[in-house]
Amino acid sequence: MPDKYESAFALQEYLQSLIRTNKENIDLLIELPPGHEEDTWQYEHLRQLCLELNYLVIQLEAECNRQSCPEMKADEWMYLCAAHPNPTNCCAIDYIVHTLDGATTLLNSHKYFPSRISIPETSIKYYQSIARRLYRIFAHAWFHHREIFEAFENENQLYARFLKLSDRYGLVAKNLLIIPQNNNIDNDDRDNTPSSDVSN
Amino acid sequence: MQQSQIPEYTLPGVLHFLQSEWRRYERDRNEWEIERAEMKARIALLEGERRGIETMKINLMRRVKMLEFALRQERSKYLAGISSKQPLTRESSTVSTTTNEEGLQNNSQSTTEFSQTSEQSSQQKSLLSSRDPNYRIKSREILKACLQEIDYLTNAATSNPSISNRPLSHPTGLNGNNATNQMPNHRDSAIWVGGNSNAHNGMPPKRLGNVAIRPSRPAPTTPPSILPILPTNSSSPPLDHSFPTREGLEIVSPENEDGSFFPKSDGKLYKSDDDEQPSFDYQGNDIIASGETTPIGNGIGGLETNKADENYFEKDVGTPAFNRSGSWKMQNQITAKNITAFQKNADELREEEYQLKNDVQKKFNLSDEKISKLMKHSSKKNQGILPIINSDPQLDELSLSVEEVDNAEKSEADKLQENNSDRKMWRQRFTLRSHLDTVRSISWHKSELMFASGSEDGTVKLWNLKGPISLKPTDVPDIEPTITYRGHTAAVNSVVVAPEQYKCYSASMDSTIRVWDLPPPKRDTYGPVDSPLNLTTYIGHTDAIWDLRLFPIRNLNTQLLASASADGTVKIWNTEAEGSPLKSSWGYYGSNGELPVNGARPPIPTSIDFVHSDLKKMAVSFQNSIIKLYDIETGQSVVTFNSAETYDNTPATQINRIIVHPTMSLLFSAHEDKYIRFFDVNNGKCNFSMLAHLDSVTALDIDPSGMILVSGGHDSSIRLWDIVSTRQCVQEFVSHRRKSDEGVLCVEYHRSLPWMASGGADSVVKIYC
């Protein structure tokens with residue numbers, strides 16, 4: 001971790017400069033800079049994910065709408081939107097937008113993440129729920145808008161980065177990773193019943 | 001064994017001891033309770049007062065807006081090439097309604113003193129336009145002349161107009177006092193009215209109404225009437241004026257004081273009077289009574305002090321005196337009573353506007369007195385009032401102009417200091433976190449408490465503060481944006497809200513301008529996205545767009561939007577055109593100017609603004625630190641500013657932002673090399689140049705009254721500058737944290753409400769009030 005980043009946003013600056021210069025080198029992107037906490041590093045990654053997922057959403061909006069995808073589905077799964085007092089069956093694009101908005105709000109929440117230098121112990125548990133929901137955006141894009149997904153992934157390698165991050169820090173349970181990976185297609189745990197997520 | 005060791009502890013003894021202890025405890029507790037109740041009452045009082053002041057301020061802003069609107073209409077008329085005569089008269093009639101009453105009274109009861117019919121039209125114009133700072137100097141001159149004339153006429157008997165001598169040398173010169181003593185009281189706008197209406201006696205009613213326009217607008221506001229007990233005044237030695245207050249007042253009979261005392265809003269004098277001679281308060285009451293019943297102020301000097309004038313004084317100046325005495329008498333009454341009185345007054349507020357003014361003033365003076373009393377408990381001087389006094393800068397200006405007319409003994413520096421100390425001090429109210437990266441631009445809704453913010457994370461967010469504002473500052477949860485506009489594929493550099501069109505524009509590094517639909521204000525953050533938010537996209541630029549401005553006036557079928565891009569061009573878009581929105585486009589050398597000889601890339605525009613005083617022109621700043629004025633229609637360069645004083649051929653000295661004053665022909669530029677410069681729009685000359693920040697200056701805005709310039713820079717600070725008189729920093733605060741060597745990136749005032757917002761590199765938007 002270079003010393004030139006001295007501000008309170010050192011990690012963010014560092015991560016962003018890595019992305020600018022070394023987008024393909026995912027291992028380097030994920031590598032925890034020395035002298036920093038895992039918690040804050042994950043936090044910055046999640047922020048950056050939300051930021052860059054916006055650009056995927058923009059691409060998705062072109063063909064994903066209430067008519068084309070009236071429900072948030074990925075493969076056989078159907079997700080209910082947790083952004084409402086009661087889980088609601090939002091259409092896919094609404095689900096995606098709400099999820100992103102919700103994650104952004106949570107990551108920016110003064111209550112849960114008052115500082116970007118140290119993360120309260122109690123807030124770390126939110127990483128998993130955020131990652132789990134963000135994953136569904138990828139999943140929906142992969143299963144229903146493959147071309148957009150591929151084009152975006154070629155450009156940004158965002159999913160690869162996400163996967164690596166999740167793998168490294170155990171953010172998303174293995175059995176929930178429904179996008180088939182290149183070598184081992186992991187369909188064992190697939191559940192054919194609609195699942196909803198009401199946890200917060 | 002043990003019992004024998006402590007024989008003195010007998011049961012009755014212990015009981016007695018416990019009882020007495022208990023009693024003592026109870027007594028203490030009661031005292032605390034009482035104290036607590038007192039404190040609570042005081043808090044309620046102060047809070048009520050604050051609310052009142054806020055209401056006043058909003059009222060005042062509304063008035064300013066009304067006048068601004070009129071001015072804008074006038075301009076649009078001018079722009080359309082229509083004679084400006086019609087809007088002028090219409091404007092005057094609407095504006096003068098509030099003051100018509102006085103005006104009429106004034107007229108009917110006054111005798112013709114000056115016949116100035118020949119000047120009438122020109123004066124009317126100048127007085128009307130006195131709202132426009134362009135003409136302030138002009139009107140000031142005229143007023144100065146008038147006041148001098150009055151001075152001469154009324155002071156024929158005396159040759160020494162200095163304040164300190166006046167009460168003594170005019171023991172009987174009622175009108176002389178009335179007229180001359182008004183002037184030194186730079187604080188009080190009502191005095192201005194007095195001088196004015198005296199000067200214009202015998203004019204048509206409408207005219208008089210107009211005459212009273214400007215002063216009458218600030219008159220109902222609290223600052224002038226609070227000022228008499230301002231700590232700034234009282235903090236200076238009460239007797240340093242060597243004004244023989246006691247002797248002077250003793251010599252002068254109550255009737256005389258009607259002239260000499262009432263206009264005196266000077267806190268020192270009041271203060272010392274009250275302290276030394278409480279009995280004087282009754283005289284004050286007498287005066288009011290006499291003022292109401294008979295027009296006593298006739299006589300010497302030939303100047304008629306008519307009843308209307310006196311009434312005016314009573315209302316605006318006299319009441320403070322009355323209330324002071326009144327509240328002294330009520331000294332022993334409980335605070336709760338004051339509060340109920342306050343609430344009662346507050347109810348009346350809504351009923352009648354004029355009544356409102358008086359009531360509020362009354363009430364404020366009452367409560368101010370109360371505060372000063374409370375403050376005295378802890379310290380002899382009532383220093384603590386200062387923070388709650390919010391003075392409208394325009395009032396300061398007004399008072400300043402009166403100050404200038406009068407050659408009082410106070411030094412210029414003193415006055416300015418006072419002006420500064422009365423100014424609104426901004427305090428942070430909300431911190432809005434939702435952007436994931438540097439916030440680059442903010443644009444307020446014209447009238448609602450709504451704004452859009454554009455960020456480097458590629459999104460534009462729309463915020464509505466109507467909900468959060470009603471909550472207590474401590475209870476405010478994380479405020480979420482009403483909507484997040486996603487569409488730009490790169491950082492957003494500039495946003496503009498166009499409430500009249502129900503649209504929002506944003507310009508981005510991705511070389512597009514996107515037009516967004518403003519949702520209904522009640523939209524749920526997590527509501528379904530039914531209609532596409534991105535209405536359309538303007539494609540035309542071939543590189544990042546740096547700045548975006550909306551033409552200040554919207555006509556029926558045109559609403560122009562200007563953009564400046566790194567592709568070297570400035571483009572004008574007609575947002576309401578059918579078909580292609582692009583109206584015109586030009587580069588550094590103008591639309592058909594010669595191209596650079598050596599084939600070098602022409603300089604890139606960095607910032608743009610429309611010239612409000614001449615809406616056919618637009619100012620553009622370039623990376624080479626040059627500012628040029630272009631004709632919007634032809635795209636030709638009209639004026640080149642002398643702005644590259646410190647330019648050294650690197651972007652480190654470029655201009656980051658320019659802003660044109662909404663009324664005056666002034667342009668301000670923010671430079672990368674820490675300078676802020678003031679230019680005259682007409683000739684492009686630099687009037688003033690200052691090192692304004694510790695790092696690059698990035699953001700500029702001018703407050704709605706046109707008195708204060710706010711600037712933000714990479715040093716993370718926001719600074720407010722008095723641009724009218726001192727050109728000094730009025731307030732400074734550190735606001736945003738630095739990221740990537742950037743600090744504050746945008747600051748903007750709300751156009752009609754007393755709010756301000758700033759965005760910075762820390763991805764946060766801060767709201768001040």
Side-chain angles (χ1 to χ4, degrees), chain A residues 4-14 16-17 44 46-62 64-66 81-85 88-91 93-114 116-117 152 155-156, chain B residues 430-439 455-462 474 476-492 508-510 512 514 523-534 537 714 716 736-743 760-765:
Chain A
K4 61 176 177 176
Y5 305 106
E6 287 169 347
S7 70
F9 307 102
L11 273 176
Q12 190 189 9
E13 284 179 53
Y14 172 68
Q16 288 181 340
S17 79
E44 289 303 338
L46 285 174
R47 275 183 78 106
Q48 191 65 28
L49 268 171
C50 287
L51 198 165
E52 292 187 46
L53 267 172
N54 279 331
Y55 300 129
L56 175 63
V57 172
I58 292 162
Q59 304 300 321
L60 285 177
E61 273 175 338
C64 181
N65 52 46
R66 197 180 288 280
C81 188
H84 313 274
T88 309
N89 189 6
C90 287
C91 70
I93 193 70
D94 279 358
Y95 179 97
I96 291 169
V97 167
H98 294 169
T99 301
L100 257 186
D101 283 345
T104 307
T105 302
L106 181 58
L107 286 171
N108 276 302
S109 163
H110 190 60
K111 191 174 158 198
Y112 298 109
F113 299 100
R116 287 167 75 166
I117 296 158
F152 186 78
E155 181 98 356
N156 300 293
Chain B
F430 299 122
T431 304
L432 309 180
R433 299 175 182 85
S434 183
H435 279 296
L436 292 163
D437 211 340
T438 309
V439 179
S455 159
E456 211 161 274
D457 65 15
T459 62
V460 175
K461 290 181 194 264
L462 191 74
T474 47
V476 176
D478 290 320
I479 301 166
E480 288 187 57
T482 315
I483 204 156
T484 301
Y485 297 115
R486 296 180 173 87
H488 285 295
T489 53
V492 175
S508 158
M509 297 288 273
D510 66 10
T512 62
R514 284 180 186 265
R523 187 189 183 270
D524 174 19
T525 306
Y526 293 104
V529 190
D530 281 326
S531 52
L533 295 163
N534 188 1
T537 306
H714 286 330
S716 301
H736 293 275
R737 288 179 297 163
R738 277 161 68 96
K739 184 207 156 202
S740 311
D741 294 328
E742 292 185 311
D762 53 1
S763 324
V764 161
V765 175

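Fair warning: this is a prediction, and the values are worked out from it, not measured in the lab. By convention in this document, chain letters (A, B, ...) are assigned in the order of the sequence lines, proteins followed by strands, and residues within each chain are numbered from 1.
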- Task: Below 4.5 Å from any heavy atom of chain B, which atoms of A:Gln48 appear? Answer side chain, backbone, both or neither.
- Result: neither
- Item | Side chain, backbone, both or neither of B:Thr459 within contact of chain A (heavy atoms, under 4.5 Å) | side chain
- Task: Work out which heavy atom in A:Phe9 is nearest to a heavy atom in B:Arg738; give both atom names and the distance.
- Result: CD1-O, 3.2 Å
- Item | A:Cys50, part contacting chain B, at a heavy-atom distance under 4.5 Å | both
- Item | Interatomic distance, B:Asp510 atom CG to A:Ile58 atom CD1 [nearest 0.5 angstrom] | 8.5 Å
- Item | Which residues share a side chain to side chain donor-acceptor pair (under 3.5 Å) with B:Asp762, sequence neighbours left out | B:His736
- Proximity breakdown for A:Leu100 and chain B, heavy-atom pairs closer than 4.5 Å: both
- Query: Is the closest side-chain heavy-atom distance between A:Val97 and B:Arg486 below 4.5 Å?
  - Reply: yes
- Query: For the residue pair B:Ser740 and A:Glu13, what are the closest heavy atoms and their distance?
  - Reply: N-OE2, 3.0 Å
- Message: With heavy-atom distances below 4.5 Å as the criterion, would you say the side chains of B:Leu432 and A:Asn108 are in contact?
- Response: no
- Query: Roughly how far, to the nearest 0.5 Å, is the CZ atom of B:Arg433 from the CZ atom of A:Phe113?
  - Reply: 13.0 Å
- For the pair B:Asp457 and A:Glu52, evaluate side chain to side chain contact (heavy atoms under 4.5 Å, CB included) and give the outcome as yes or no after the intermediate values. CA-CA 8 Å; B:Asp457 65 15; A:Glu52 292 187 46; over 6 Å; no
- Message: Under 4.5 Å from any heavy atom of chain B, what part of A:His110 do you find: side chain, backbone, both or neither?
- Response: both
- Query: Taking only residues two or more places apart in sequence or in another chain, which ones pass salt bridge (charged side-chain N to carboxylate O under 4.0 Å, His left out) with B:Glu480?
  - Reply: none
- Message: Does any part of the side chain of B:Asp437, heavy atoms only, come nearer than 4.5 Å to the side chain of A:Arg47, both counted from C-beta?
- Response: no
- Item | Under 4.5 Å from any heavy atom of chain B - which part of A:Ser109 | both
- Item | Among B:Val764, B:Thr489, B:Asp741, residue most engaged with chain A (heavy-atom pairs, under 4.5 Å) | B:Thr489
- CG/B:Leu436 to CD/A:Gln12 distance, rounded to the nearest 0.5 angstrom? 8.0 Å
- Inter-residue atom distance A:Leu51.CG - B:Ser455.OG, 0.5 Å rounding: 7.0 Å
